[in-house]
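Written below as structure tokens is the structure these notes are about.
Naming convention: chains lettered A, B, ... in sequence-line order (proteins, then strands); numbering from 1 in each chain. Basis for what follows: all heavy atoms, side chains included, without hydrogens, waters or symmetry-related copies.
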Amino acid sequence: GAVVSQHPSRVICKSGTSVKIECRSLDFQATTMFWYRQFPKQSLMLMATSNEGSKATYEQGVEKDKFLINHASLTLSTLTVTSAHPEDSSFYICSALLANTEAFFGQGTRLTVV
Amino acid sequence: KQEVTQIPAALSVPEGENLVLNCSFTDSAIYNLQWFRQDPGKGLTSLLLIQSSQREQTSGRLNASLDKSSGRSTLYIAASQPGDSATYLCAVRSATDSWGKLQFGAGTQVVVTP
């Protein structure tokens, strides 16, 4: 299957700082990528849809100024958590669509804000 | 709004038994359905993708069926192994969604005991 690489896998940051998470499709081009958040023992919650060359579309209740998404190329989308606080601690996962059909996911990023 | 339900929430079987995981969805107008596997603290691995026009897909010991009219999909795992222990998620893409968003079920946590 296709490969989506997410980096970093773990990050610890101080409250008030910003953290950037990268999502790369390694062997295919992805016009559309998605960012999810997952709480312990729960399923995935879609945060936003990222389209190459245009602004991201955020789901209801997701603060676009706190979670900045940039999809600068067909293989790279980034999620920046700005002014992070402890409540932003979570598991963040990205996915990319292959041929607008099958979704492939990154390994996830465990963010801990202290 | 599409709702996806997975039953049971948890399942424990001895090694060698066949696994049967169920997924139901409320809106039959789907584009496709995917089954994923998630290991603790990891991202999602795509197992099988079934297009709306298909009735089933097979890969090795895995077989997934789709009955769109009744809003059901079943994932069969033959001759289970301890390495099959994981959480299995099904996700549905609506036929009217042009972005490719997936609606996830809550997952079935599987434990295969040696």
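The choice from L44(A), T109(A), T57(A) that makes the most heavy-atom pairs within less than 4.5 Å of chain B is L44(A). Between chain A and the options D39(B), L102(B), L49(B), heavy-atom pairs under 4.5 Å are most frequent for L49(B).
With rounding to the nearest 0.5 Å, the separation of CD in Q109(B) from NZ in K41(A) is 5.5 Å. Atom OG1 of T101(A) sits about 6.5 Å away from atom CZ of R93(B), to the nearest 0.5 Å.
Neither the backbone nor the side chain of Q42(A) comes within less than 4.5 Å of any heavy atom of chain B. Residue Q6(A) does not touch chain B at all, counting heavy-atom pairs closer than 4.5 Å.
Between E59(A) and K101(B) there is a salt bridge, with a side-chain nitrogen of the basic residue lying less than 4.0 Å from a carboxylate oxygen of the acidic one.
Between Q107(A) and K42(B) the shortest side-chain heavy-atom distance does not fall below 4.5 Å. Counting heavy atoms from C-beta on, the side chains of N51(A) and W99(B) come closer than 4.5 Å.
Within the 3.5 Å criterion, the main-chain N or O of G105(B) finds a donor-acceptor partner in the side chain of S43(A).
Within residues 82-98 of chain A, the residues that have a heavy atom under 4.5 Å from a heavy atom of chain B are F91(A), I93(A), L97(A), listed by number. Along residues 10-29 of chain A, no residue comes nearer than 4.5 angstrom to chain B, judged on non-hydrogen atoms.
Nearest heavy-atom pair, F36(B) versus A103(A), reported as atom, atom and distance to 0.1 Å: CE2-O, 3.6 Å.
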